[in-house]
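Here is the structure we will look at.
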There are 2 protein chains.
Amino acid sequence: MEEWTPAQGRGDDLQTDDMSKPAFSRAEPDARRQSLIEATARVLARDGATGASVRPIAVEAGVSPGLINHYFAGIEALIAATYSAVGEQVSNALAAAVAAAGTDPRARLTAYVTASFAPPIADRALLATWIAFWSLTGKPQIAERHDAIYARYREDLEALLAECGIAQADRRLTAIAITALVDGLWLELCLSPDSFTADEARGLAERQLATYFDRSASSDR
Amino acid sequence: MEEWTPAQGRGDDLQTDDMSKPAFSRAEPDARRQSLIEATARVLARDGATGASVRPIAVEAGVSPGLINHYFAGIEALIAATYSAVGEQVSNALAAAVAAAGTDPRARLTAYVTASFAPPIADRALLATWIAFWSLTGKPQIAERHDAIYARYREDLEALLAECGIAQADRRLTAIAITALVDGLWLELCLSPDSFTADEARGLAERQLATYFDRSASSDR
DNA sequence: TTGCTTGTTGTACGATCGTATAATAAGGAA
DNA sequence: TTCCTTATTATACGATCGTACAACAAGCAA
């Protein structure tokens, strides 16, 4: 079933210096998996969804193409794992921005939306990564991860809203609205950065937040 | 340069009935181009970005693969043309919803956002189409079309805001905010329809619109 | 009818895709 | 040291990608 050429030693034309150096090194399974995920994220950011195939990822990770199938069930499983990893990374970046804002609830909420329009979150490369994931949400396995990641975002946001004194009954929909506005601004800001600035996006989000707190006259609607 | 097999007649095993029926028919160039664009839109909606390749599109259009390169500079040009076509289609659907709402400016604005969360606009297949375009915005040719389409959306929306009496100085940013919120809700609604309903999305958008009109106490922000 | 133009087809081609697998060698166990 | 496990490599394979182009034929002009 297989044609196997004479084997030819490997590395006999490049790297002719000597044979004392190991040709490759084994890695801790978890570490190797992690480095493959990171390489995938870099390739997705650099080349987008269409460029994230087995061979370029293997080159980026400095391993042979076959190794990917040794650690993951297939390229799709690797991309799914990368989805979760990047999603968590974004969550952590937002959490760090909130933590850096101190203890005032309102300031923490502002920090959350502000961080969404600054690097490393508002970044063309990160958008490319996200689009690659979205283009796979037809597969249930990927759709599941999306739901989990977004549920986490909304949970975090609901917690911030709770700190600010938003009634529990309003938190869910308020979080959905804020997430939608921020995502919509973020998306368009990444897609065509010339149509408005990050500062304008921040201002718009902030103004919307304000309507949830200064509602002295909007109770009739 | 080319290996050309004996030619073999074509259609000698299938379609053996007789030879009186034309094997294909010529089409008006514009009509053919249009049908290729429509076939591309259908394939994008059905199979997403990864499935929109030359052969499936040709099958969907009922022509041979080679014909695509006869009418378009390449598959990418065809997809770009489809982007413009779908974008205009959405614009028209929104305009129709606005027109159907009558003459009251406020009702027309509501109709605009309401239509965004109903078929045929809020549709998983249309999202797949859009994602396919977004994944190509690295190419300047596609990015241009995106900018043109979104500028058109915002123009339309600004016109509706003008009817409602929003000051000219506020229209641009208000249109950006509404577009972002609607797009964000639309996106998440298509990606995971279980996290909230179309009715809830409508309600959230409507509530945001209200803040632009009932602003008796928010002038200090 | 005959001839011509050109829309259309069918296929070749090289590149690249994801996956499978035999051979190789790293590195700890004995 | 020697052996053994298995991580890793290097390829083969079939499918599919976008494009190129020679042959065919539809439909109009004459």
Side-chain angles (χ1 to χ4, degrees), chain A residues 1-15 19-36 39-40 43 47 49-59 61-80 136 139, chain B residues 1-15 19-36 39-40 43 47 49-59 61-80 136 139:
Chain A
M1 265 317 166
E2 197 68 16
E3 293 176 12
W4 187 244
T5 45
Q8 82 177 33
R10 202 208 51 87
D12 31 20
D13 37 343
L14 50 142
Q15 213 78 315
M19 55 193 61
S20 64
K21 184 199 316 173
F24 60 89
S25 69
R26 299 187 167 200
E28 227 19 65
D30 283 346
R32 182 67 87 185
R33 243 183 291 267
Q34 190 59 32
S35 90
L36 286 174
T40 303
V43 171
D47 302 328
T50 55
S53 47
V54 170
R55 285 162 186 81
I57 291 173
V59 168
V63 300
S64 82
L67 197 59
I68 287 177
N69 277 306
H70 186 269
Y71 281 107
F72 294 91
I75 180 68
E76 213 154 88
L78 172 55
I79 292 184
L136 296 176
K139 320 260 174 181
Chain B
M1 262 328 161
E2 197 69 15
E3 294 177 13
W4 186 244
T5 45
Q8 83 175 30
R10 201 209 51 86
D12 31 20
D13 37 344
L14 49 143
Q15 211 78 316
M19 56 192 62
S20 64
K21 184 198 315 175
F24 60 88
S25 69
R26 299 189 169 199
E28 218 35 55
D30 283 346
R32 184 66 88 184
R33 243 183 291 268
Q34 190 59 32
S35 89
L36 286 175
T40 304
V43 171
D47 302 328
T50 55
S53 48
V54 170
R55 285 163 187 81
I57 291 173
V59 168
V63 300
S64 83
L67 198 59
I68 287 178
N69 277 309
H70 186 268
Y71 281 107
F72 294 91
I75 180 69
E76 213 155 88
L78 172 55
I79 291 185
L136 296 175
K139 319 260 177 185

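Naming: A, B, ... by sequence-line order, numbering from 1 per chain.
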Please list each protein N or O that sits under 3.5 Å from an N or O in nucleotides 1-5 of chain C, with the distance.
none

Under 4.0 Å, heavy atoms only, any strand: does I75(A) hit a base, just the sugar-phosphate, or nothing?
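The answer is sugar-phosphate, as I75(A) gets under 4.0 Å only of primed atoms, P, OP1 or OP2.
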message = Over all strands shown, is Y71(A) touching base, sugar-phosphate only, or nothing at heavy-atom distances under 4.0 angstrom?
response =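 Sugar-phosphate, no base atom in range.
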Closest contact, heavy atoms only, [X] versus [Y]:
X      : Y      : value
R32(A) : Y71(A) : CG-CE1, 3.2 Å
A73(A) : A77(A) : N-CB, 4.0 Å
L78(B) : I68(B) : CD2-CG2, 4.0 Å
A39(A) : A61(A) : CB-CB, 3.6 Å

What is the distance, rounded to the nearest whole Å, between atom [atom1] of [X] and atom [atom2] of [N]?
X      : N       : atom1 : atom2 : value
R32(A) : dA26(C) : CZ    : C1'   : 12 Å
F72(A) : dG18(C) : CZ    : C1'   : 16 Å
D47(B) : dC17(D) : CG    : P     : 10 Å
I79(B) : dT19(D) : CD1   : C1'   : 15 Å
L67(A) : dT11(D) : CG    : C1'   : 15 Å
E76(B) : dT19(D) : CD    : P     : 8 Å
E28(B) : dT8(C)  : CD    : C1'   : 15 Å
L36(A) : dA7(D)  : CG    : P     : 13 Å

Picking from dG18(C), dT8(C), dT19(D), the nucleotide nearest the side-chain atoms of V54(A) would be dG18(C)
Of dA10(D), dT11(C), dT8(C), the nucleotide closest to the side chain of P65(B) is dT11(C)
Of G74(B) and P29(A), whose nearest nucleotide on DNA chain D comes first from the 5' end?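 Going by which nucleotide is closer to the 5' end, it is P29(A).
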Tell me whether the side-chain N or O atoms of R55(A) pair up with the base of dG18(C) as donor and acceptor below 3.5 Å, since no angle test is needed here. yes
Checklist entry - Within the pair H70(A) and dT8(D), is there a side-chain N or O less than 4.0 Å away from OP1 or OP2? => result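 Answer no for this pair, as no side-chain N or O of H70(A) is under 4.0 Å from OP1 or OP2.
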Q. Is S53(B) near enough to dT16(D) that one of its side-chain N or O atoms lies under 4.0 angstrom from OP1 or OP2?
A. no
| said: Do V63(B) and L36(B) have side chains that approach each other closer than 4.5 Å (heavy atoms only, starting at C-beta)? | reply: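 Yes; the side chains approach each other to less than 4.5 Å.
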key: Reported CZ-to-CD1 distance for the pair F72(B) and I57(B), which is rounded to 0.5 angstrom   =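 Answer for the CZ-CD1 pair, F72(B) versus I57(B), is 10.0 Å.
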